[in-house]
Structures are given as C-alpha cells and as structure tokens.
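Quick note: numbers below take in every heavy atom, side chains included, and nothing from hydrogens, waters or symmetry partners. Numbering of ligands and ligand atoms starts at 1, following listing order.
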Amino acid sequence: MRTLVLGGTTEASALARSLAAAGADAIFSYAGRTEAPVAQPLPMRVGGFGGVDGLVTYLRAENIGAVVDATHPFAAQMSRNAIAACALAGVPLLGLERPAWVAGSGDRWSHVGSIESAVQALPDAPARVFLAIGKQNLTGFAAKPHHYLLRLVDAPEAPPLPDCTVILARGPFDAESDKALLIQHNISHIVAKNAGGAGAEAKLIAARALGLPVILIDRPHLPARAVVGSVAEVLAWLGHSAD
Ligand code: 3Y8
Ligand code: NAP
C-alpha cells in the first residue's frame, strides 16, 4: 500500500526516516515554499497539488492507499484540503500533530488569535522585536515603529520591513544559540506562532531565561479528523490499515 506523507516539519522528517527504514512504499510531499528543502530518505514531490480536485486526481493516479498529514499546525489550507480530498477519494487520512505549547513558571506569554492582533499587542513605544514567524505574514508589523529581527529560511528580494535585521537560518534551533541571539540583538519582545514541537521551541526557552515577554499566536482550528502525536502511532496505524 502506498502512503503519501504531507511534510515540512521535524516530525514529518522523523516519520520519513522510520518509513524508509521499514522499506515502506511512501512518497514525501513538500509545498516548495523554500528554495532547497532538506532532502528526505523517501521519493519526494515538491509543489501544490492544485487544490482539493488536484489532490483527488493525484491520490487516484498514484494509487495512494493512505495519507499522513504531518504538516505544520499553521498549514491549515493543506490540512483542510487533505480532509476534503481523502473523503472524496475514500482514502484513509491520519494527522500527525504536536500539542500546542503551554506556559510554564517564569513564562511571560500573552496569547492572541491572529497575526493582526499580534501587531496590536506590541507596545506603541519603540521596541526591539524578534519576529520569528517566517516571511509570509510580515507587512502588518510595519504599522508599529519597532526594530524587527527576522529569521528567514531564504534571503528576501528586499527588506520585508522598514527597520529590520534579517538573519537566514533553517531550524531546528537550540535554546543556547537563541538566547545568545536575543542578547546580541538586545531584543525586548518576541512574536511567535504556537507551532508546538521541539524544532521551534528554542526561542521560548531563551525568552524564559531572559524574562522576555512573548506574544504567541494561536494555531488555526481544523475540522475534525483522526490525529496522533507520535511517529510510533502512525506506524501502527499504517500497519493496521495495511491489513
Ligand atoms: C518548506 C523544509 C525538518 C523540518 C524543520 C518544525 C521545525 C525547523 C521552526 C523560528 C521559527 C517558521 C518557519 C519554522 C520551523 C522546523 C521545520 C520549522 C519556523 C522548513 C521547510 C519548509 C519550511 C516552510 C517555512 C515557512 C515559514 C515556516 C520558517 C525545508 C525549513 C517561521 C514557522 O521562506 C518561507 O516562505 C518560509 C515559509 C512556511 C512560515 C512562514 O509563514 O514564513 N516554515 N520550513 C516546507 C515545504 O515547502 O513544504 O526547507 O527543509 C521546515 C521547518 N521549519 O525537516 O527538520 O517542525 O516546525 N519554519 C513557525 O513555526 O513559526 C521558524 O525562526 O524560530
Ligand atoms: P498552507 O497555507 O496550508 O497551504 C497552501 C497551499 O500550499 C496548499 O493549498 C497546497 O497547494 C500547498 N501545500 C502546502 N503544504 C504542502 C505539502 N506538504 N505538499 C504539497 N503542497 C502543499 O501551507 P503553508 O502554511 O504555506 O505551509 C507550506 C509548507 O511549509 C507545509 O509543508 C508546512 O508543513 C511547512 N511549514 C509551514 C509552516 C507555517 O508556519 N505555515 C511552518 C513550518 C513548516 P494546493 O492547494 O495547490 O495543493
């Protein structure tokens, strides 16, 4: 039975390694958001499917027997399309999802429901903000007179904001390096997506150590679907559905 893995996260890469080790017939799918995505130990495809209909056509043409949606919690459109397409094509779907982060002692977090409300939550007086949300949703932050530190995967064509420093890096990140980064850039606030997982958590651990406030953007809600939290559960599910 051929499995389609919708990837782009640390957990998706861990799943790919396990599937390859098991000699599973599987395809790893990237959206093609970055110039040179990390290679995977499975056959890869890169680029959109062409909406729900494109994905249904793909599932049938490639004789896909199961889909694992291991995309990032903010990749909501892909996840919604997968739910609709798998229902239409009659292909079992399982989400591999990491839980949202929950504040611990010493965390100075405020939760907002959208990128726009994250802008509002920043102070009006000039600050130095680590805006660690990638490059797709930055323009609204120009409304506030802050210096922004941006961490992007690929170099932007032009500076994304009027007063910003861009560093290029592909995670997973580690807390000590992120703490040094926050100190080096004299950061006063952090804005982040509630992505969950270990790959993006470093900046939150660093913020806790430095007592910095974090504005955390809630992840989008998704329609109901079967979800597990570990690679082992996905492998068991695939073994089960291979019966
Ligand atoms: C193209 C594949 C792996 C996967 C690694 C995870 C961890 C490192 C942390 C910060 C936050 C951010 C961003 C981030 C992280 C992992 C994971 C994760 C956040 C790659 C990848 C692709 C992408 C797409 C990219 C987005 C951007 C978001 C940067 C590869 C490296 C900010 C999300 O330039 C762009 O257009 C980048 C776009 C979507 C969010 C955005 O809106 O800009 N991820 N990230 C995937 C594809 O094409 O399908 O290039 O190798 C994967 C990873 N990024 O295999 O180990 O599991 O979350 N990715 C966020 O969480 O806020 C960085 O800097 O602290
Ligand atoms: P999105 O907004 O949910 O999806 C937009 C469109 O991109 C989808 O409709 C689909 O195009 C295509 N797409 C998305 N993920 C795909 C995949 N894995 N394989 C094939 N096509 C895909 O997605 P996004 O937020 O831009 O995320 C894109 C990729 O980056 C995903 O793989 C995600 O896991 C990864 N990522 C995203 C974030 C984030 O913050 N959003 C963070 C880390 C990693 P069609 O409609 O044409 O099929």
Side-chain angles (χ1 to χ4, degrees), residues 4-17 27-42 44-59 62 64 67-85 95-98 100-101 115 118 130-140 148-157 160 166-175 177-179 181-182 187 190-207 214-220 222 231:
L4 171 65
V5 177
L6 300 175
T9 57
T10 304
E11 292 74 14
S13 298
L15 174 61
R17 288 191 292 274
I27 299 172
F28 191 96
S29 181
Y30 279 120
R33 275 267 180 280
T34 54
E35 283 165 11
V38 163
Q40 295 292 339
L42 292 174
M44 291 193 293
R45 64 167 300 290
V46 180
F49 295 97
V52 173
D53 294 345
L55 181 50
V56 170
T57 303
Y58 179 86
L59 294 174
E62 294 295 325
I64 301 293
V67 176
V68 179
D69 176 1
T71 59
H72 189 275
F74 280 72
Q77 189 57 58
M78 184 70 258
S79 295
R80 290 189 188 107
N81 287 3
I83 292 166
L96 172 54
E97 196 172 83
R98 60 252 185 139
W101 292 310
I115 301 269
F130 179 28
L131 195 44
I133 59 169
K135 78 173 182 188
Q136 295 182 79
N137 309 101
L138 295 176
T139 47
Y148 292 105
L149 173 63
L150 305 177
R151 178 154 64 184
L152 306 178
V153 178
D154 298 317
E157 292 77 31
V166 176
I167 52 175
L168 300 181
R170 168 185 273 112
F173 303 103
D174 74 273
S177 309
D178 275 9
K179 184 179 170 186
L181 184 71
L182 297 176
I187 297 298
I190 291 161
V191 177
K193 295 175 179 173
N194 198 332
E201 194 179 15
K203 57 191 174 281
L204 304 182
I205 297 167
V214 176
I215 296 166
L216 214 47
I217 303 164
D218 296 334
R219 58 181 64 177
L222 290 176
V231 168

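- The N/O atoms of Met78, backbone and side chain alike, include one that comes under 3.5 Å of an N/O atom in ligand 2.
- Near Gly47, the atoms of ligand 2 lying under 4.0 angstrom from a non-hydrogen atom of the residue are 20 (C), 21 (N).
- Within ligand 2, the atoms closer than 4.0 Å to a non-hydrogen atom of Lys193 are 39 (C), 40 (O), 41 (N), numbered from 1 in the order shown.
- Of all the atoms in ligand 2, the ones that sit under 4.0 Å from a non-hydrogen atom of Asn81 are 9 (O), 46 (O).
- Scanning the protein heavy atoms around atom 41 (N) of ligand 2, the nearest turns out to be Phe74 CB, 3.7 Å.
- Considering backbone and side-chain atoms alike, Ser29 places an N or O below 3.5 Å from some N or O of ligand 2.
- Residues Ala118 and Val191 come closest through the heavy atom pair CB-CG1, 4.1 Å.
- Contact between Ala206 and Leu182 at its shortest, heavy atoms only, is CB-CD1, 3.7 Å.
- Protein heavy atom in closest approach to atom 43 (C) of ligand 2: His72 CD2, 3.1 Å.
- Nearest to atom 46 (O) of ligand 2 among the protein's heavy atoms is Gly51 N, 3.2 Å.
- Contact of the Arg80 side chain with the Pro220 side chain is registered, since non-hydrogen atoms from C-beta on lie closer than 4.5 Å.
- Counting heavy atoms closer than 4.0 Å to ligand 2, residue Ala70 contributes nothing at all.
- Evaluated by nearest non-hydrogen atom to atom 31 (C) of ligand 2, the leading choice among Ser79, Ala82, Gly7 is Gly7.
- Scanning the protein for heavy atoms near atom 7 (O) of ligand 2, the closest one is Ala31 CB, 4.2 Å.
- Between Ile64 and Ile27 the shortest heavy-atom distance is CD1-CD1, 4.2 Å.
- Scanning all protein heavy atoms for the shortest distance to atom 48 (O) of ligand 2 gives Phe49 N, 2.7 Å.
- Closest heavy-atom contact between Ala192 and Lys203: CB-CE, 3.4 Å.
- Interface atoms of ligand 2 facing Gly48, defined by a heavy-atom separation under 4.0 Å, are 11 (O), 21 (N), 45 (P), 47 (O), 48 (O).
- The CG atom of Leu216 sits 6.0 Å away from atom CG of Leu204, with the distance rounded to the nearest 0.5 Å.
- The CG atom of Leu138 sits 5.5 Å away from the CG atom of Leu150 when rounded to the nearest 0.5 Å.
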Report every pair formed by an N or O atom of ligand 1 and a protein N or O atom separated by less than 3.5 Å, giving atom names and the distance to 0.1 Å.
unit_1: ligand 1; atom_1: 42 (O); unit_2: Gln136; atom_2: NE2; d: 2.9
unit_1: ligand 1; atom_1: 42 (O); unit_2: Lys193; atom_2: NZ; d: 3.2
unit_1: ligand 1; atom_1: 43 (O); unit_2: Lys135; atom_2: N; d: 2.7
unit_1: ligand 1; atom_1: 43 (O); unit_2: Gln136; atom_2: N; d: 3.3
unit_1: ligand 1; atom_1: 48 (O); unit_2: Ala31; atom_2: N; d: 3.3
unit_1: ligand 1; atom_1: 48 (O); unit_2: Gly32; atom_2: N; d: 2.9
unit_1: ligand 1; atom_1: 48 (O); unit_2: Arg33; atom_2: N; d: 2.8
unit_1: ligand 1; atom_1: 49 (O); unit_2: Ala31; atom_2: N; d: 2.6
unit_1: ligand 1; atom_1: 50 (O); unit_2: Thr34; atom_2: OG1; d: 2.6
unit_1: ligand 1; atom_1: 50 (O); unit_2: Arg170; atom_2: NE; d: 3.2
unit_1: ligand 1; atom_1: 50 (O); unit_2: Arg170; atom_2: NH2; d: 2.9
unit_1: ligand 1; atom_1: 51 (O); unit_2: Val38; atom_2: N; d: 2.8
unit_1: ligand 1; atom_1: 51 (O); unit_2: Arg170; atom_2: NE; d: 3.0
unit_1: ligand 1; atom_1: 55 (O); unit_2: Ser13; atom_2: OG; d: 2.5
unit_1: ligand 1; atom_1: 57 (O); unit_2: Thr10; atom_2: N; d: 2.7
unit_1: ligand 1; atom_1: 57 (O); unit_2: Thr10; atom_2: OG1; d: 3.1
unit_1: ligand 1; atom_1: 57 (O); unit_2: Arg98; atom_2: NH1; d: 2.9
unit_1: ligand 1; atom_1: 58 (O); unit_2: Arg98; atom_2: NH1; d: 3.4
unit_1: ligand 1; atom_1: 58 (O); unit_2: Arg98; atom_2: NH2; d: 2.8
unit_1: ligand 1; atom_1: 61 (O); unit_2: His72; atom_2: NE2; d: 2.9
unit_1: ligand 1; atom_1: 64 (O); unit_2: Arg151; atom_2: NE; d: 2.8
unit_1: ligand 1; atom_1: 65 (O); unit_2: Arg151; atom_2: NH2; d: 2.8
unit_1: ligand 1; atom_1: 65 (O); unit_2: Lys203; atom_2: NZ; d: 2.9

- Task: Could you give me the CA-CA distance, side-chain angles and deciding distance for Trp101 and Val214, then say whether side chain to side chain contact (heavy atoms under 4.5 Å, CB included) is met?
- Result: CA-CA 12 Å; Trp101 292 310; Val214 176; over 6 Å; no
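- Around atom 33 (C) of ligand 2, the closest heavy atom drawn from Gly54, Gly50, Ala75 belongs to Ala75.
- Taking distance alone, with nitrogen or oxygen atoms compared against 3.5 Å, Thr9 stays at or beyond that limit from ligand 2.
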- For the pair Leu181 and Phe130, evaluate side chain to side chain contact (heavy atoms under 4.5 Å, CB included) and give the outcome as yes or no after the intermediate values. CA-CA 9 Å; Leu181 184 71; Phe130 179 28; 4.1 Å; yes
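- A distance of 5.0 Å separates CG in Leu6 from CG in Asp69, rounded to the nearest 0.5 Å.
- In this structure, Leu131 CG and Ile187 CD1 are separated by 10.0 Å, a value rounded to the nearest 0.5 Å.
- Put simply, no part of Leu55 is less than 4.0 Å from ligand 2, judged by heavy atoms.
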- side chain to side chain contact (heavy atoms under 4.5 Å, CB included) between Thr9 and Arg98, intermediate numbers included: CA-CA 10 Å; Thr9 57; Arg98 60 252 185 139; 3.9 Å; yes
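- Of all non-hydrogen atoms in His72 and Lys193, the two that sit nearest each other are CE1-CD, 4.5 Å.
- Between the CE atom of Met78 and the OG atom of Ser29 there is a distance of 7.0 Å, given to the nearest 0.5 Å.
- Atoms of ligand 2 found under 4.0 Å from any heavy atom of Gly8 (numbered from 1 in listed order, with element): 32 (O), 34 (O), 35 (C), 36 (N), 43 (C), 44 (C).
- For Asp178 against Arg151, the heavy-atom pair with the smallest separation is OD1-NH1, 2.8 Å.
- Ligand 2 is approached by Gln136 to a heavy-atom distance shorter than 4.0 Å.
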- Please report the C-alpha distance between Arg33 and Val153 in whole Å, then the side-chain angles of each, then the deciding distance to 0.1 Å, and finally whether the side chain to side chain contact (heavy atoms under 4.5 Å, CB included) criterion is met. CA-CA 9 Å; Arg33 275 267 180 280; Val153 178; over 6 Å; no
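- Using a 4.0 Å cut-off to heavy atoms of Arg45, the atoms of ligand 2 that qualify are 20 (C).
- In this view, Phe28 and Tyr30 satisfy the ring-ring contact (aromatic ring centres under 6.0 Å, His included) rule, not counting sequence neighbours.
- Distance from atom 6 (C) of ligand 2 to its nearest protein heavy atom, with residue and atom name: Arg33 NH2, 4.8 Å.
- In this structure, atom 37 (C) of ligand 2 has a protein heavy-atom contact shorter than 4.0 Å.
- Nearest to atom 2 (O) of ligand 2 among the protein's heavy atoms is Gln77 CB, 4.0 Å.
- Here the straight-line distance linking atom CG of Asp53 with atom OG1 of Thr57 works out to 6.5 Å at 0.5 Å rounding.
- Not a single heavy atom of Ala200 lies less than 4.0 angstrom from ligand 2.
- Counting the atoms of ligand 2 from 1 in the order shown, those under 4.0 Å from a heavy atom of Ala76 are 3 (O).
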